[in-house]
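Right, one structure below, let's go through it.
Lettering of chains follows the sequences in order, A, B, ..., and the numbering in each one begins at 1.
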Protein chains: 2
Amino acid sequence: MDGRTGTAGTATVRRVTLTPGARRVLAAAERLFYDRGIHAVGVDTIAAEAGVTKKTLYDRFGSKDQLVVEYLAGRDDRWRAFLIGRIDTAPPEPAARIVAIFEASRDWTLANSAKGCSFVNAHAEIGPEHPAHTVITEEKRWILALCTRLAGEHFPGHGERLGRELMLLHEGSLVAYGLTIFPDALDLATDRARALLQTGNA
Amino acid sequence: MDGRTGTAGTATVRRVTLTPGARRVLAAAERLFYDRGIHAVGVDTIAAEAGVTKKTLYDRFGSKDQLVVEYLAGRDDRWRAFLIGRIDTAPPEPAARIVAIFEASRDWTLANSAKGCSFVNAHAEIGPEHPAHTVITEEKRWILALCTRLAGEHFPGHGERLGRELMLLHEGSLVAYGLTIFPDALDLATDRARALLQTGNA
DNA sequence: ACTTCGCTATACAGATCGGTATACTTAATT
DNA sequence: AATTAAGTATACCGATCTGTATAGCGAAGT
């Protein structure tokens with residue numbers, strides 16, 4: 001996948017050349033931003049964690065804002081690629097693919113999102129004027145569109161409604177897991193999605 | 001309700017005397033913290049917005065961390081009082097009371113939470129070591145316990161599972177609304193909750 | 001051979017951060 | 001009449017913030 005224009009890509013193009021130093025900066029930023037929050041982490045900390053000078057960081061990314069964009073766009077890329085891989089290897093029936101979404105989300109979240117959805121968390125810290133804001137909203141619209149399309153194939157005429165209902169379960173499970181409200185949130189959401197697809201409107 | 005020990009109260013006690021100045025500080029902090037995020041707002045900004053000197057702010061609250069605690073505890077108090085009022089005036093049947101929760105959440109959110117749940121958003125910014133962390137988790141556990149209890153009265157033996165499923169819908173709707181993924185999230189969650197209570201396990 | 005690229009090292013700028021100190025005022029309490 | 005509480009005004013502290021400047025180094029490309 002070149003930049004962000006592939007099957008899973010968005011309109012946001014990768015603006016930075018990922019030199020070895022830039023890669024380490026991005027890796028450090030992803031960890032620190034997610035764990036501690038965007039505003040709580042300074043560029044000095046990121047540079048130190050990456051074992052890189054601040055000049056390298058600014059030569060590659062130009063600003064902290066842009067680094068935030070790359071942080072979210074990078075997670076977006078990897079998550080979409082992961083999800084698409086799971087969907088492609090799932091049975092072709094739309095219901096099975098929807099279930100595959102929830103199972104992929106569970107596995108991804110267990111491995112990468114102990115504090116919940118990184119996009120939701122970033123949204124809490126930045127306003128609409130921030131260049132990373134569209135990355136957040138587009139990611140959510142993308143999953144919604146995916147759920148809606150598959151739900152429409154499964155239950156023609158009810159794609160819109162079912163897609164949104166699936167999104168409620170999906171986003172709810174990430175919050176419940178991230179805030180440790182209850183432990184089995186990710187599996188519970190999968191169960192509920194399955195039930196929703198069987199009855200259509202129970 | 002005295003402090004935070006009433007019907008809707010938690011273990012967190014109000015540690016500050018709410019003098020007129022302190023009230024304006026808290027009002028300004030609530031608005032700024034919610035709109036811009038906790039780390040993005042400085043104490044100077046809050047004091048200026050409240051029309052108060054920084055000394056007054058520190059005389060009343062002692063630290064920014066404590067002000068964050070009061071911010072979240074205050075929202076918690078008002079939201080719980082609002083919700084309990086709605087539940088008390090709803091029909092006594094547990095199903096009707098659960099629906100009342102979702103309708104109350106919708107009305108409260110429309111009036112106070114354009115950017116989604118303030119506790120979820122705060123959780124994105126602070127770690128477990130922050131004194132406000134327990135305010136967040138206790139608020140979520142409280143609603144979960146409330147849903148679980150009512151769901152158990154409605155469907156004996158299935159309170160735990162139904163309560164959690166209701167929480168998925170509730171938290172999901174706040175995210176979907178706060179990130180404007182789709183506009184009717186709050187009403188849709190109410191519909192889904194109603195359906196869930198009718199079939200029990202559809 | 002010369003230039004460009006990616007990088008280190010260090011120092012610095014101006015602003016803002018959370019928090020404190022000092023001195024004064026005003027109103028209510030005792 | 002003396003004290004206390006709640007407040008203003010202002011100045012300051014050291015730390016940290018984002019971002020820039022200067023100088024140099026080694027490897028790769030032309």
Side-chain angles (χ1 to χ4, degrees), chain A residues 14-72 74 122 124-127 129-133, chain B residues 14-72 74 122 124-127 129-133:
Chain A
R14 173 137 286 147
R15 296 172 186 84
V16 303
T17 26
L18 282 186
T19 61
R23 232 175 280 269
R24 303 212 314 276
V25 167
L26 194 50
E30 281 168 356
R31 229 212 61 217
L32 291 166
F33 282 156
Y34 183 78
D35 287 350
R36 305 187 199 170
I38 292 170
H39 284 124
V41 175
V43 287
D44 297 81
T45 308
I46 295 169
E49 173 100 356
V52 139
T53 352
K54 235 190 335 177
K55 184 170 183 298
T56 298
L57 188 154
Y58 276 96
D59 280 349
R60 294 302 124 209
F61 296 94
S63 69
K64 185 185 178 180
D65 278 0
Q66 185 59 34
L67 184 53
V68 173
V69 170
E70 298 300 328
Y71 152 58
L72 291 172
E125 293 204 71
I126 66 177
E129 75 289 344
H130 197 286
H133 193 263
Chain B
R14 172 136 287 147
R15 295 172 186 83
V16 302
T17 24
L18 282 186
T19 61
R23 233 175 279 268
R24 304 214 309 280
V25 167
L26 194 50
E30 281 168 354
R31 229 212 60 217
L32 292 166
F33 283 156
Y34 183 78
D35 287 350
R36 305 186 198 171
I38 292 169
H39 284 123
V41 175
V43 288
D44 298 81
T45 308
I46 295 170
E49 172 100 355
V52 140
T53 38
K54 235 185 344 172
K55 183 170 183 298
T56 299
L57 189 154
Y58 276 94
D59 279 349
R60 292 305 124 209
F61 296 93
S63 70
K64 185 185 177 180
D65 278 1
Q66 185 59 33
L67 184 53
V68 172
V69 170
E70 297 300 328
Y71 152 57
L72 290 172
E125 292 203 71
I126 66 176
E129 75 289 345
H130 196 287
H133 193 264

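- Applying the side chain to side chain donor-acceptor pair (under 3.5 Å) rule to pairs touching residues 39-51 of chain A yields A/R31-A/E49, A/H39-A/E125, A/D44-A/K54, sequence neighbours excluded.
- When the P atom of D/dT16 is taken as reference, atom NZ of A/K64 falls 15 Å away, rounded to whole Å.
- The CD atom of B/E70 lies 5.0 Å from the CD atom of B/Q66; values are rounded to the nearest 0.5 Å.
- In terms of the ring pair (Phe, Tyr, Trp, His ring centres under 6.0 Å) criterion, A/F61 has no residue partners (sequence neighbours excluded).
- Between B/A122 and B/I38, the closest heavy-atom pair is CB-CD1, 3.9 Å.
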Return a table of donor-acceptor pairs under 3.5 angstrom between the side chains of residues 19-28 of chain A and protein atoms on other chains or two or more places apart.
from, atom 1, to, atom 2, distance (Å)
A/T19, OG1, A/A22, N, 3.3
A/R23, NH2, A/L18, O, 2.7
A/R24, NE, A/A50, O, 3.1
A/R24, NH2, A/A50, O, 3.3
A/R24, NH2, A/G51, O, 2.9

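- Taking both residues in full, the closest heavy atoms of A/R36 and A/A40 are given as O-CB, 3.3 Å, listed atom of the first, atom of the second, then distance.
- Partners of B/P131 under the side-chain contact (heavy atoms from CB on, under 4.5 Å) rule, at least two apart in sequence or in another chain, are B/D65, B/V69.
- Between the CG atom of B/L72 and the CZ atom of B/F33 there is a distance of 9.0 Å, given to the nearest 0.5 Å.
- Phosphate contact (OP1/OP2 of D/dG7, side-chain N/O of B/T19, threshold under 4.0 Å): present.
- The stretch residues 40-58 of chain B comes close to DNA chain D through B/G51, B/V52, B/T53, B/K55, B/T56, each having a heavy atom under 4.0 Å from the strand.
- Scanning DNA chain C 5' to 3' for nucleotides with an atom closer than 4.0 angstrom to a non-hydrogen atom of chain A gives a first and last hit of C/dG6 to C/dT10.
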